[in-house]
**Q** 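Just dropping this structure here.
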Amino acid sequence: MHVDMNLLTALDALLEERSVSAAAARLHLSQPAMSRTLGRIRDATGDPILVRTGRTMTLTPRALALRQEVHALVQRAHAVFAPERALDLEKLERTFTVRCHDALTTALGTRLLFAVQEQAPHVKLRLLAEPAGDTDELRHGRVDLEIGATEPALPEIRGESIGEDRLVVAVRQGHPLARGRLTARRYAEALHVTVSRRGRLRDRIDDALESQGLRRRVVAAAPTTAAAAHFARESDLVVALPARVCGPMLRALHLSALPLPLDVPEVRIVQLWHQRFESDKAHAWLRGLTREIVQAICRGEA
DNA sequence: CTGGTTCTACTACCAGACTC
DNA sequence: GAGTCTGGTAGTAGAACCAG
């Protein structure tokens, strides 16, 4: 039996995109050409693979079962045709799009830029802010690396925990909370700002307070840690921020960092990338740099 | 509810490349 | 040169969305 490897590549794109049009765009084909290829895949497998459900397409059980295996086969085939070459950072010309939580952009941005410039002078970084809603930009290749607190949500997204940070209470200098021991009750009585790009007025601190029978008054949600920190500097508002990551910003704004009088788990810092970059040496080099820098920040070496 | 618009997939038909 | 395969354009159909 003749096996067309191009069908395997097309099947991989179709299974991942769950859309004939998107798979066509990925493989630089026209949509009808991909539709015909899907037809050939259907003939070859004897399964519809993608079935129409309204405006979108849904994978059949057979397609779901094949997904991982097909992807692994395509990756291995690409590895065969892409001969092993050493990564030459001196000559590497590439632009990486990195999406970061705003506090992380501030904390690691300068060190990352210097490290990249020193090791790979022709590499450029495009640093993006986190969007308000969930997007598939890693999947669609519009973002190469994402660093934040979000765990991978899709099977094709790889994730790596690169650090942990504890929350502290940021207040202006001379704030009443800074005098005497900060108890959970005194903390709860203050006026609070949360940091949420989605505008959430509630976070895990509220859960921790409620477990002690306490409630706090959140007056606003700030879109970024920088905005929240400015609110705290210019008022009696208090905001909980990751200590190490926000350390330089807190110092620059002359904010005091008080220990959070609650039992709240540390904030995990995670980097995410699409599995197609798994064996990309340049991407792995960038991941290594961000990992080193974030780990140094979390050890307090910043 | 209805008709127009938009999105998505499919089919028909044609052209170019390749094989025998 | 005929046959086959693949991909292109043009057009069609089904479903969802939206304004009135």
Side-chain angles (χ1 to χ4, degrees), chain A residues 1-85 93-95 97-99 126 128-146 148 150-159 196-201 221 223 272-280 283:
Chain A
M1 178 192 167
H2 172 68
V3 178
D4 184 350
M5 286 300 285
N6 288 323
L7 286 188
L8 207 54
T9 311
L11 178 57
D12 184 42
L14 285 163
L15 294 180
E16 207 158 287
E17 298 291 346
R18 295 172 187 232
S19 150
V20 175
S21 300
R26 180 189 278 205
L27 299 185
H28 307 290
L29 290 176
S30 66
Q31 182 272 317
M34 182 53 77
S35 178
R36 292 181 55 123
T37 304
L38 175 56
R40 291 197 291 279
I41 291 168
R42 285 169 172 164
D43 285 343
T45 59
D47 187 273
I49 300 296
L50 283 172
V51 288
R52 199 165 175 149
T53 43
R55 265 190 179 181
T56 57
M57 300 292 265
T58 305
L59 296 183
T60 63
R62 174 92 191 276
L64 279 168
L66 288 173
R67 207 172 153 195
Q68 297 288 339
E69 191 182 353
V70 167
H71 187 75
L73 282 170
V74 171
Q75 293 283 89
R76 283 176 60 190
H78 283 160
V80 167
F81 291 109
E84 193 78 352
R85 273 191 310 193
E93 284 193 33
R94 196 153 155 184
T95 301
T97 303
V98 181
R99 192 161 67 188
R126 187 186 288 125
L128 300 184
E130 287 185 312
D134 292 320
T135 66
D136 273 350
E137 283 169 316
L138 279 176
R139 186 190 217 181
H140 293 116
R142 290 189 286 269
V143 169
D144 299 314
L145 187 64
E146 186 167 311
T150 316
E151 299 287 338
L154 294 165
E156 69 257 36
I157 303 299
R158 299 276 179 266
S196 168
R197 60 196 156 110
R198 293 184 179 82
R200 286 183 186 141
L201 293 161
L272 306 178
W273 61 93
H274 193 271
Q275 62 186 5
R276 65 176 165 276
F277 292 123
E278 187 70 20
S279 53
D280 178 334
H283 197 279

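Since the structure is predicted, the reported quantities are computational estimates derived from the model, not experimental observations. Proteins come first, then strands; the chains are lettered A, B, ... in the order of their sequence lines, and each starts at number 1.
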**Q** May I ask you to say what A/S21 touches in the nucleic acid, namely base, sugar-phosphate or nothing, with a heavy-atom cut-off under 4.0 Å?
**A** sugar-phosphate
**Q** Quick one: sort the A/H283 and A/W273 rings into parallel, tilted or perpendicular, breaks at 30° and 60°.
**A** tilted
**Q** Can you measure A/R42 atom CZ to B/dT11 atom P for me and round it to whole angstrom units?
**A** 8 Å
**Q** If I take atom CD1 in residue A/I41 and atom C1' in nucleotide C/dC5, what distance separates them, rounded to the nearest angstrom?
**A** 15 Å
**Q** Could you tell me the separation between the CG atom of A/L50 and the P atom of C/dG14, rounded to a whole number of Å?
**A** 20 Å
**Q** Counting only heavy atoms from other residues, nucleotides and ligands, does the tally under 6.0 Å from CZ of A/R42 exceed 12?
**A** yes
**Q** Measure the NE2-CG distance between A/H274 and A/D144 for me, rounded to the nearest 0.5 Å.
**A** 11.5 Å
**Q** Look at A/T37 and C/dT6 and indicate whether a side-chain polar atom (N or O) is within less than 4.0 Å of OP1 or OP2.
**A** no
**Q** Is the phosphate of B/dA9, meaning OP1 or OP2, less than 4.0 Å from a side-chain N or O of A/S35?
**A** no
**Q** In plain terms, say whether A/R94 and A/D280 are close enough for a salt bridge, that is, a side-chain N and a carboxylate O under 4.0 Å apart.
**A** yes
**Q** Is any side-chain heavy atom of A/L59 less than 4.5 Å from a side-chain heavy atom of A/L50?
**A** yes
**Q** Across the strands shown, which category fits A/R18 at heavy-atom distances under 4.0 angstrom: base, sugar-phosphate, nothing?
**A** nothing
**Q** At a cut-off of 3.5 Å, list every protein nitrogen or oxygen paired with a nitrogen or oxygen from nucleotides 8-10 of chain C, distance to 0.1 Å.
**A**
from, atom 1, to, atom 2, distance (Å)
C/dG8, OP2, A/S30, N, 2.9
C/dG8, OP2, A/S30, OG, 2.6

**Q** Residues two or more places apart in sequence or in another chain: which of them pass side chain to side chain donor-acceptor pair (under 3.5 Å) with A/T97?
**A** A/R126
